[in-house]
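Read through the structure below, which is laid out as structure tokens, and then see the notes.
None of the values given here were measured: they were computed from a predicted structure. Here is how names work: the chains are called A, B, and so on, in the same order as the sequence lines, proteins then strands, and each is numbered from 1. Computed over heavy atoms, backbone and side chain alike; hydrogens, waters and symmetry mates excluded.
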Protein chains: 2
Amino acid sequence: MGFEYKYARPALAVDCVVFGLDDEDLKILLIQRDIPPYEGQWALPGGFVRVDETLEEASLRELEEETGLQNVFLEQLYTFGELERDPRERVVTVAYYALVKMGDHRVKAATDARNAAWFSLDDATNLVFDHDKLVEAAYLRLRGKVRYQPLGFELLPTKFTLRQLQHLYETILDRSLDKRNFRKKILSMDVLIELDEVEKDVAHRAARLYRFDKQKYKRLVKQGFNFEI
Amino acid sequence: MGFEYKYARPALAVDCVVFGLDDEDLKILLIQRDIPPYEGQWALPGGFVRVDETLEEASLRELEEETGLQNVFLEQLYTFGELERDPRERVVTVAYYALVKMGDHRVKAATDARNAAWFSLDDATNLVFDHDKLVEAAYLRLRGKVRYQPLGFELLPTKFTLRQLQHLYETILDRSLDKRNFRKKILSMDVLIELDEVEKDVAHRAARLYRFDKQKYKRLVKQGFNFEI
DNA sequence: CCAAAAGTGTTTCACGTACACCCATGC
DNA sequence: GCATGGGTGTACGTGAAACACTTTTGG
């Protein structure tokens, strides 16, 4: 029984830092572990890589198993290989970060997880293993990359207002932006489609809705265009 | 004898894309394999990660064992986990890229390598495994990052002329730059130390030598400075 | 004295930034 | 009619880009 190798091998895992955005701030998705070690404590969703699946497949599988999430934007972040990351044995983990439209998804705990819930980034602290470090690295990457790649749209509903988009950048970059300049800039890029629709159920003038034009963006990039906020 | 685990584990390796720069162009360091599979063919230096060393330690160890290189700039690139990367079995590899001052180092083949040699980037093709892909990814990363991080200095001698520095950017970015604007920009950043020395053995007016001031650069970064070419 | 590269300033234009008011809507 | 956020234009300054000639040195 079991698998035998000539030399000792580190175990290989994946972990996901899942970002979501609501009216208040940037959130990340944590699970409460239902198995040792650190049973009952909060951690990033993740688990061991099977020998017959790719790293990305493993991440998506673990995400669905532990939190119910599907169809998320996923990108590799960094591989953490310190010797004492895991108290059980040597475990190398490939970290991914994911961006989800929070409104579209309801999270639910499942396999190996007692509970799954969104935490404000500031409260997502004292996690098990070296997961605080992974969260920090993921946030740094997001903050750095969101300015020159159209990642932000993955966090918003398909139809959004310019206010929502500006608020997203203000939240992630942690500074305020000038409304007129922001609108001028984003509209001049010509990657938003202005819809014949306005937001609903607001106690004031309703704002126009927009969609991100992914096709057009790709075409522009091929012509040398650089997205930048 | 051997090590037994409950579940099958992928093997874990590291591979290094080592860049160097000479008068002509950008080079990468390859080894000619001296062991199966693909014995005799050209590949990136690399090998399996031991259970008691970190990923970075493994990269540095393999680099020294196979090419004799020491004291190089090293940074993690990406982790490749496709199922059929290696004909023997499932191998996940953590790729690193390295930058070396070619003049300072003499490469020599050693453990597991029949030969080690520098190749022009254009000639470093038809490598074994998925190494062509790793080289492509490393070059993309270098080209992207060299513009807003002072990576370039890792490829030059400690003392260099502005012409050499400009040539470095022209080579990596693959476009020509205006001499006056380049000098204005790099000097205005105030991260170069002008030395009381000029280059030697040139058949024309000798250019002034400079050093990169790493300490000052770090101080400036803390104050919000952004390096950018 | 000739070849080769070093070194040096100015003008123009685009873009980022700062800044304030009227308008539409729901209650 | 009032509170709330939607939507809009201009002036200024900084920095990127274009561009050519003189100086120094070695052979």
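To the nearest angstrom, P of D:dG6 lies 12 Å from CZ of A:Phe182. Regarding B:Arg205, its CZ atom lies at a distance of 17 Å from the C1' atom of D:dG27, rounded to whole Å. One interatomic measurement links the two molecules: CG of A:Asp178 to C1' of D:dA11, which rounds to 14 Å at whole-angstrom precision. Distance CG (B:Leu187) to P (C:dG9): 12 Å, rounded to an integer number of Å. In this structure, CG of B:Leu177 is placed 15 Å from P of D:dC19, rounded to the nearest angstrom. Straight-line distance from the CG atom of A:Asn226 to the P atom of C:dC15: 13 Å, rounded to whole Å. Per the geometry, CD belonging to B:Gln164 stands 10 Å off P belonging to C:dA6, to the nearest Å. Atom-to-atom, CD1 of A:Ile186 to C1' of C:dG16 comes out at 15 Å; the value is rounded to the nearest Å.
Taking the side chain of A:Lys184 as heavy atoms from C-beta on, and the options D:dA16, C:dA18, D:dG6, the nearest nucleotide is C:dA18. When distances run from any side-chain atom of A:Arg180 to the nucleotides C:dC19, C:dA6, D:dC19, the shortest one goes to C:dC19. With D:dT8, D:dA17, C:dT8 as the choices, the nucleotide that has an atom nearest any side-chain atom of B:Arg183 turns out to be C:dT8. Closest approach to the B:His204 side chain among C:dG9, D:dG5, C:dA4 is made by C:dA4 (side chain taken as heavy atoms from C-beta onward). The side chain of A:Asn181 lies closest to C:dC19 when the candidates are C:dA6, D:dG7, C:dC19. Comparing C:dA6, D:dT8, C:dA24 by their closest approach to the side chain of B:Glu199 singles out C:dA6.
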Test B:Tyr169 against B:Val146 for side-chain contact (heavy atoms from CB on, under 4.5 Å), laying out the working first. CA-CA 8 Å; B:Tyr169 283 102; B:Val146 77; 3.8 Å; yes

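Map A:Val202 and B:Tyr210 each onto its nearest nucleotide of DNA chain C; the residue landing nearer the 5' end is B:Tyr210. Nearest-nucleotide positions on DNA chain D place A:Ala206 closer to the 5' end than the other of A:Ala206 and B:Lys185.
Side chain to side chain, B:Asp25 and B:Ser120 meet the donor-acceptor criterion of an N or O pair below 3.5 Å. Side-chain contact, B:Glu75 with B:Tyr96: no donor N or O sits under 3.5 Å from an acceptor N or O.
Ring geometry, A:Phe227 versus A:Phe153: the interplanar angle exceeds 60°, so the pair is classed perpendicular (tilted spans 30 to 60°). Ring-plane geometry between A:Phe80 and A:Tyr78 is classed as perpendicular, the angle between the planes exceeding 60 degrees on a 0 to 90 degree scale with a lower cut at 30.
Side-chain nitrogen and oxygen atoms of B:Arg163 include at least one within less than 4.0 Å of the OP1 or OP2 phosphate oxygen of C:dA6.
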